[in-house]
Colleague: 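Submitted below is the structure of interest, expressed as structure tokens.
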Amino acid sequence: MLTFTDAQVLGWITPILWPFLRVLALFGALPVFAQRGVPMRVRVALAFLIAFCAQATLPPMPLIPLDSAPAALAIVQQLMVGLALGFAVRIVFAAI
């Protein structure tokens, strides 16, 4: 029987969770991906693929328990950074 501790699962999930949330928020604000023509499943799958591929190049992520207040703040931070990047791209598209 396989058994995993909370620390092991957290160590596996954390390196991909924070980039995934950032990229997903970015796709939510990008001019091309935010349209209704792109299904949500495609956006989520593409965000996961990009986060998974970028995982090897990113520095080690902090291990924050997902049921704590710092985790909620980290989620809000990642979403805000992704949305800011998406809206910056939207401004560039509007300028062109």
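The basis for the numbers below is simple: all heavy atoms, side chains too, and nothing from hydrogens, waters or symmetry mates. Numbering starts at 1 and runs along the sequence shown.
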Colleague: Working to the nearest 0.5 Å, report the span between CZ of Phe93 and CG of Leu30.
Modeller: 7.5 Å
Colleague: Does some side-chain heavy atom of Leu85 sit less than 4.5 Å from a side-chain heavy atom of Val89?
Modeller: no
Colleague: Not counting sequence neighbours, which residues clear side chain to side chain contact (heavy atoms under 4.5 Å, CB included) with Leu24? List them please.
Modeller: Phe20, Val44, Ala47
Colleague: If every non-hydrogen atom of Gln78 is compared with every non-hydrogen atom of Arg22, which pair is closest and at what distance?
Modeller: OE1-NE, 2.8 Å
Colleague: Flag yes if Leu21 and Val9 sit in one hydrophobic cluster, no otherwise; membership is Ile, Leu, Val, Met, Phe, Trp, Tyr, and two members link when side-chain heavy atoms are under 4.5 Å apart.
Modeller: yes
Colleague: Mind checking whether Ile64 and Thr14 have side chains closer than 4.5 Å, heavy atoms only?
Modeller: no
Colleague: Does Val32 belong to the same Ile/Leu/Val/Met/Phe/Trp/Tyr cluster as Val92, with side-chain heavy atoms less than 4.5 Å apart forming each link?
Modeller: no
Colleague: Could you tell me which non-hydrogen atom of Pro15 sits nearest to which non-hydrogen atom of Gln55, and how far apart they are?
Modeller: CB-NE2, 3.5 Å
Colleague: Should Leu26 and Val38 be counted in the same cluster of Ile, Leu, Val, Met, Phe, Trp and Tyr side chains packed under 4.5 Å apart?
Modeller: yes
Colleague: Looking only at heavy atoms, what is the nearest atom pair of Ala71 and Pro65, with distance?
Modeller: CB-O, 3.2 Å
Colleague: Drop me the distance from Ser68's OG to Leu73's CG, to the nearest 0.5 angstrom.
Modeller: 8.5 Å
Colleague: With heavy-atom distances below 4.5 Å as the criterion, would you say the side chains of Phe27 and Ile50 are in contact?
Modeller: yes
Colleague: When rounded to the nearest 0.5 angstrom, what is the spacing between CE in Met61 and CD1 in Ile13?
Modeller: 14.5 Å
Colleague: Is it the case that one hydrophobic cluster holds both Leu58 and Ile75, taking links as side-chain heavy atoms less than 4.5 Å apart, direct or via other members?
Modeller: yes
Colleague: Is there a chain of hydrophobic side chains (I, L, V, M, F, W, Y, each step under 4.5 Å between heavy atoms) that links Phe87 to Ile96?
Modeller: no
